[in-house]
Structures are given as C-alpha cells and as structure tokens.
Enquirer: 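Starting off with a structure, shown below.
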Amino acid sequence: MDKQSFWVPWQTLAEGHGFSLISLKETLLGGQCFDWKTLTETHWRGKLVSTAFECRWEENTIQWRHPRAQIISPQVVENYFWLDDTYKDAVDELPWRSDPVLQKSLNYFSGMRILRQPIDETLFNFLLSSAKSIPQIQSIGDAVCKEYGKKLFDGVYSFPGWEKLAEVPEADLRSLKLGYRAKYVAKTARFIANEPAWLDYIKAESYEEAKNELLRLPGVGEKVADCVLLFGGNFMEAFPMDTWIEKSLEKRYFLKEWKTSQKIHFARIHFGNFAGLAQQFLFSAERLGILDKE
DNA sequence: CTCCAGGAGATAT
DNA sequence: ATATCTCCTGGA
C-alpha cells in the first residue's frame, strides 16, 4: 500500500472544546488511559476502541486521523473526548467557587476530560495497575494486546477481548511479566466469558449496585472498581482513592488524622455528583506538582 | 544490595 | 473494622 494514503487526511475537532495543550496531554497520558504514546510534544498515537488513531495539537485546534481501512465516525470521536455540553455543566457544578485548591487545579488543567473508554478494556488495564507506575502498566498491557490482539498499526494492537483472554493460561500471562496480576486477569476473563453481557449490564445499574458487582471479580478492590466505573462506565460520582489522592487530601484538605473510609465520605460530600471529575483534576495537579507553586 | 511503586487478598486481632 | 504481610516485576 502507498504509505501516503494509509491515513485519511487530518480532520479538525469542532471549536469550543476548551482543551489546552496541557489539558489534552494530561487527558491522554495522565493515567486514566494507557493507550497513547507520544510521537512529538504535540502529536500522539494510540487507539480508539478498535481503530488506530492519531491526534495532534495545531494552533489551538485538535486534529485527528485514522487509517483508511479502519472506519470511525466523528460522533464516536466526540463521545470519546466528552465534547457535548454536559462537560461544562459538570465542571460548573464542582465546588471550585469555595475551594481554592480545586480552583487552581481546574484553572491549570482547564478543559481536561474524563475520556469515555470502553469498560472491558478499562477493567483490563486497571487489573494490571496494582503497584505499578503508568509506563509499567502501559508496557505489560501492550504485551498482552500484542500477543493476543489484532495489529492496528506498527506498535498499536487492539484489546483482545475477555473471551479471547479466557483461553489463555495464567502461566502464559506470567511470562508476559504480569506477575501476580496474571491470576487476576485469567480468573476475571473466565468469569466474564461465562456471561459476556455482564459488563454491559452493570453499566445500566446504579453506582452502588455496579460497584458491588465489580467487587466480586478477583483483583478488583475499592480503588480499581472506582477506576473502572469512572473511566469505563461514565459513573462520575466514583472517586478512586489511590495513594496520591489520599496524600493530597491529607495535605490540602487537612485530613491527616482521617481514616481512608472517612476521606472517601468527605470527598463524596464535598465534591458532589461529579467527584470523579474533581479527582482527576486534583490527581493531575498533585502528580505534576502544580499545587506547591505560586 | 534494599526499598517500594496509583492494590488486592488472606490472616490475625 | 483495622493492621500487617505477601504477591511479581522493575526502577531508584
């Protein structure tokens, strides 16, 4: 095939999206998603569901393209990036008016989104996340996709799906360096393969019901369940309490003596229905050291 | 060499 | 309920 015609021409995302270069970069690479690799400081390659995908930042616009052979509609892209009006309503509902820490985070990462990722792949990635850094999670996730998924582009492989993973022996996953997480993936795969519609079904339940269902899976505790619900299930009230956020709440909100369960309660009350969105801003601000700057 | 990372599960209290 | 230990791997 002619190399020039592999990708469709660049398309420009509708204006008014509100992203900045900083917030777009953090949205793609900040740890909610492990699908993106940096080509240049303003150009990224990854996948969107089961198509290879590239986007770049060009003079305050976002441009994107995909291979000619892998169809994807603008509506799917707009949904993935949460471009509808519910985003600014969600941000407006956060308590930034009375919370200078949140206000500073929102201001620095203005436009940052929770991506709407497929729940099956989201569950997979966060089963791998325990005691791993972002690059390590990406690395072992890639290894599994490369071994059992479809090739979408050089270095880009699709998530194989749980039915496929259900056929893979735990030992084979261990050889891909998953460590003790191999058991989580193998057992969860067999659970879901027995009931393929299970993940879609819990997306239609309430947050509490869906979380209780997810907690039945091996390798899914409170934190991973909330990540799956927030990033893969569009449950904006989910508040993943990882070590970064816990330390942040202790330091910025003076909850040093509070227990984890009490901190979660505080977050629910204080941040409200879009607590998960607030969490993402706080997490990024803490991770990149924004809150200690003037 | 030791230590611990965006945790979960098992065990003991 | 809460505390402690272990589990793979890799990087500091």
Side-chain angles (χ1 to χ4, degrees), chain A residues 25-36 105 109 112 114-115 117 121-144 146-147 168-192 211-233 235 238-253 255-267 271 275-291:
Chain A
K25 192 193 306 182
E26 185 64 11
T27 297
L28 295 176
L29 306 174
Q32 60 171 299
C33 180
F34 305 94
D35 290 339
W36 299 97
S105 306
F109 294 101
M112 186 167 69
I114 303 291
L115 295 171
Q117 302 178 68
E121 186 180 349
T122 306
L123 170 61
F124 170 71
N125 282 135
F126 283 96
L127 276 178
L128 304 181
S129 69
S130 158
K132 285 288 184 192
S133 65
I134 293 172
Q136 291 172 332
I137 299 164
Q138 187 169 42
S139 172
I140 55 180
D142 276 354
V144 174
K146 182 170 186 176
E147 187 69 25
V168 179
E170 179 190 327
D172 292 14
L173 294 170
R174 280 188 177 260
S175 71
L176 294 175
K177 310 297 183 187
L178 302 206
Y180 60 83
R181 302 157 199 83
K183 184 185 292 179
Y184 299 162
V185 173
K187 296 184 82 168
T188 288
R190 282 152 184 74
F191 181 100
I192 294 178
K211 184 167 180 177
N212 282 331
E213 286 295 303
L214 280 175
L215 288 172
R216 296 166 57 197
L217 297 173
V220 176
E222 294 265 338
K223 189 269 181 182
V224 169
D226 277 326
C227 285
V228 173
L229 292 169
L230 177 61
F231 303 131
F235 287 94
F239 193 91
M241 187 68 77
D242 54 54
T243 54
W244 287 82
I245 285 296
E246 183 148 19
K247 279 183 279 187
S248 182
L249 289 179
E250 290 172 1
K251 185 173 180 181
R252 315 295 174 187
Y253 295 84
L255 307 183
K256 187 70 181 169
E257 310 304 323
W258 294 40
K259 292 166 184 175
T260 301
S261 59
Q262 296 175 312
K263 295 193 188 93
I264 291 175
H265 187 70
F266 167 84
F271 296 116
L277 182 59
Q279 186 267 3
Q280 199 60 25
F281 279 97
L282 280 181
F283 176 78
S284 292
E286 206 65 64
R287 194 174 79 89
L288 298 185
I290 304 310
L291 297 173

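A note on names: the letters A, B, ... follow the listed sequences, proteins ahead of strands, and every chain is numbered from 1.
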Enquirer: Would you kindly give the CD-to-P distance between A:Q136 and C:dC7, to the nearest whole Å?
Expert: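 Atom-to-atom, A:Q136 to C:dC7, this comes out as 19 Å.
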Enquirer: Output the rounded distance in Å from CG (A:L127) to C1' (C:dC8).
Expert: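 It works out to 15 Å between those atoms.
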Enquirer: Would you say A:K263's side chain and A:W258's backbone share a donor-acceptor pair under 3.5 angstrom?
Expert: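 Checked: pair present.
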Enquirer: Are the side chain of A:T122 and the backbone of A:V228 linked by a donor-acceptor contact shorter than 3.5 Å?
Expert: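 No, because the side chain of A:T122 does not come within donor-acceptor range (under 3.5 Å) of the backbone of A:V228.
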Enquirer: In dot-bracket form, 5' to 3', how is DNA chain B paired? Count Watson-Crick and G-U wobble pairs only if both distances fall under 3.5 Å, and write | where the partner sits on another strand.
Expert: .||||.|||||||
Enquirer: Taking 4.0 angstrom as the limit, do A:R252 and A:E286 come out as a salt bridge?
Expert: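 Yes, this pair counts.
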Enquirer: Excluding sequence neighbours, so at least two apart, what forms ring-ring contact (aromatic ring centres under 6.0 Å, His included) with A:F109?
Expert: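 Here no residue qualifies.
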Enquirer: Would a distance-only check, ignoring hydrogens and angles, find a side-chain to backbone donor-acceptor pair under 3.5 Å from A:Q279 to A:I245?
Expert: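 Not a single qualifying donor-acceptor pair exists.
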Enquirer: Has the side chain of A:R181 got a donor or acceptor atom sitting under 3.5 Å from an opposite partner on the base of C:dC8?
Expert: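 Yes, the side chain and the base share a sub-3.5 Å donor-acceptor pair.
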Enquirer: Using the P atom in both, what is the distance from C:dT2 to B:dG6, to the nearest Å?
Expert: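 Straight-line distance between the two P atoms is 25 Å.
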Enquirer: Please report the distance, rounded to the nearest Å, between CD in A:E246 and P in C:dT2.
Expert: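 That distance rounds to 12 Å.
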Enquirer: Considering every strand and a 4.0 Å limit on heavy-atom distances, what is the contact class for A:K259: base, sugar-phosphate, or nothing?
Expert: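 It contacts sugar-phosphate atoms only.
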Enquirer: Could you run down nucleotides 6-13 of chain B 5' to 3' and tag each one B, S or - for protein heavy-atom contact under 4.0 Å?
Expert: BBSS----
Enquirer: Without swapping roles, check the side chain of A:E222 against the backbone of A:M241 for a donor-acceptor pair under 3.5 Å.
Expert: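 Answer holds: no.
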Enquirer: Please check this pair: side chain of A:S248 against backbone of A:W244, looking for a donor-acceptor N/O pair closer than 3.5 Å.
Expert: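 Answer holds: no.
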Enquirer: Starting from the C-alpha separation in whole Å, work towards a yes-or-no answer on ring pair (Phe, Tyr, Trp, His ring centres under 6.0 Å) for A:F126 and A:Y184.
Expert: CA-CA 10 Å; A:F126 283 96; A:Y184 299 162; over 10 Å; no
